[in-house]
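Atoms within a ligand are numbered from 1 in the order they appear, just like the ligands themselves.
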Amino acid sequence: MKSKRILLGITGGIAAYKAAELTRLLVKAGHHVEVVMSEAATRFVTPLTFQALSGHAVYSDVWDARPDNAMAHIEMSRRADVFIIVPATADCLFKLAHGAASDLISTMASARTCPLIVVPAMNRQMWENPPNLRNVAQLKADGVSVWGPAHGVQACGETGPGRMLEPEEIADLLHGFFDEKHLAGRRVLLTAGPTFEPIDTVRGITNISSGKMGYALARACRDAGADVTLVSGPTALPPPMGVRLLPVQSANEMYQAVLHEVGHSQIFIAVAAVADYRVKNRSEHKLKKGEHLPQLELVENPDILATVASLPAAPFCVGFAAESQNLLEFADSKRRRKKVPLLVANLAQQAMGADDNQVVLLDDAGQHPLPLQAKSDVARAIVAHIATLL
Ligand code: C5P
């Protein structure tokens, strides 16, 4: 993502301390971050903290004469690519929903020309207060993006909706906010991660797969405007924000989940490293070491991608091939055998567990090699390629 000018508004809630970490993440990602705070926010965290983290003066007073022409509310919001308010209190949402211009942040929001994002944080009762929900609905109707809140334990000790998204989640969503909406209005179904085929209650057969490529693709589809469902085998990754996650264990569970969901999807991307075989004579109890070696009888798992690709109303199917040798030859024969219009070929030894990946896209037009880059960038390039083929 290119460097953006981000105007970060902070209003007065305890979650304000998390805006410091968000500032750090955004600056680290190369963005120009300018911070404005409500008077209440400065009671929770000092402007100095944000000045040090952003490297720019922090404003909290509409009467502050420091900006060049003493018109901070116009100047700062005009030069921003986006105005994001983190956290946004109930009072802030009320002001924005009613077009107030009664303090620096609401005045800047009224005077802005860039998109506005609010990330609410408040007690669950305050969130569910009907006037607050009306304000949120009004903001959405006005084209404001409302991110979160999450459900969980709150600073007040209660549990419910109103928890602010984590700084990493906000930075992730902001990263994709400016992406081209290649897949707007499309429904995408993906598989990711390994599958786990039990042998007994504590052992199983699995593949090495971190799930990073599949999760990056789910995010890239989300950022391209798609409605995304991710069927994932066991991974250690946090669930991507704004993606419907269906966790599964075995190939059969993945197969069932995919068949259940695929009818609603226009695009199916199979990234999962599905185990080819499962154990037929799975033990209900932990196998004990004894005189005889246990005999495992294996049966073949269904090929999820090939099944979906052969459905009468098949979605646009994308497959992956991780090979350790003869990459393009094996990948091309896999593409033909599974009858998928697009196949992404990568070297298993390079792709597995890594944060970067180098892939070749194979379609009817031929081979399209991509450079070695972060999996998030590989994912974006794949999404852009899919959009050209649809
Ligand atoms: O394992 P294989 O190399 O055949 O995987 C190629 C593609 O097929 C991958 O996209 C993978 O997710 C998919 N696949 C599947 N179900 C299987 C095996 C593979 O969907 N049982």
Side-chain angles (χ1 to χ4, degrees), residues 188-198 204-218 220-221 228-235 237 245-263 265 267-280 298-311 314-353 357 359-363 370 375 378-379 382-383 385-386 389:
V188 181
L189 177 65
L190 299 104
T191 64
T195 65
F196 182 86
E197 314 298 329
I205 301 172
T206 188
N207 284 332
I208 299 175
S209 168
S210 63
K212 285 179 185 171
M213 192 63 241
Y215 278 52
L217 256 168
C221 291
V228 182
T229 299
L230 175 62
V231 180
S232 175
T235 76
L237 301 174
L245 180 70
L246 304 177
V248 295
Q249 292 280 324
S250 66
N252 251 333
E253 283 172 26
M254 187 173 273
Y255 180 74
Q256 297 302 336
V258 165
L259 288 188
H260 189 260
E261 296 295 325
V262 74
S265 316
I267 302 168
F268 176 58
I269 312 178
V271 198
V274 184
D276 291 326
Y277 305 101
R278 65 177 179 278
V279 180
K280 189 178 178 196
L298 299 178
V299 286
E300 203 167 335
N301 275 327
D303 190 312
I304 304 168
L305 177 59
T307 307
V308 171
S310 66
L311 289 173
F316 181 87
C317 286
V318 183
F320 268 69
E323 307 291 348
S324 60
Q325 56 177 341
N326 301 339
L327 176 64
L328 296 178
E329 186 193 323
F330 287 169
D332 195 52
S333 74
K334 201 163 279 184
R335 187 175 93 88
R336 288 167 205 285
R337 183 160 35 87
K338 302 205 185 201
K339 297 190 176 65
V340 292
L342 178 62
L343 193 122
V344 183
N346 52 187
L347 277 174
Q349 55 272 42
Q350 183 172 46
M352 275 186 334
N357 199 7
V359 305
V360 180
L361 309 182
L362 306 177
D363 60 18
L370 298 182
K375 282 183 176 172
V378 174
I382 295 171
V383 167
H385 195 84
I386 292 172
L389 297 178

For Val318 and Leu305, work out which heavy atoms get closest and say how close.
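For Val318 and Leu305, the tightest heavy-atom pair comes out as O-CD1, 4.0 Å.
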
As a test of reading the model: which N/O atoms of the protein lie under 3.5 Å from N/O atoms of ligand 1, and at what distance?
from, atom 1, to, atom 2, distance (Å)
ligand 1, 3 (O), Lys334, NZ, 2.4
ligand 1, 4 (O), Lys338, NZ, 2.8
ligand 1, 8 (O), Lys338, NZ, 2.9
ligand 1, 10 (O), Ala270, O, 2.5
ligand 1, 10 (O), Phe320, N, 2.8
ligand 1, 10 (O), Phe320, O, 3.3
ligand 1, 12 (O), Ala270, O, 3.3
ligand 1, 12 (O), Ala272, O, 2.6
ligand 1, 16 (N), Ile304, N, 3.0
ligand 1, 20 (O), Leu305, N, 2.8
ligand 1, 21 (N), Pro302, O, 2.9

With a 3.5 Å cut-off and no angle check, do the side chains of Tyr215 and Ser232 form a donor-acceptor pair?
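There is such a pair (donor and acceptor under 3.5 Å, judged by atom type) between the side chains of Tyr215 and Ser232.
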
Could you tell me whether a side-chain N or O of Thr206 sits under 3.5 Å from a main-chain N or O of Thr195, the two making a donor and an acceptor?
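Yes.
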
Can you tell me how far the CG atom of Asp363 sits from the CG atom of Leu389, to the nearest 0.5 Å?
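Going from the CG atom of Asp363 to the CG atom of Leu389 covers 5.0 Å.
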
Out of Lys338, Arg337, Lys339, which residue meets the salt bridge (Lys or Arg N to Asp or Glu O under 4.0 Å) rule with Asp303?
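Answer after filtering Lys338, Arg337, Lys339: Lys338.
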
Between the side chains of Glu323 and Lys334, is the shortest nitrogen-to-carboxylate-oxygen separation below 4.0 Å, so that they form an ion pair?
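Salt bridge: yes.
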
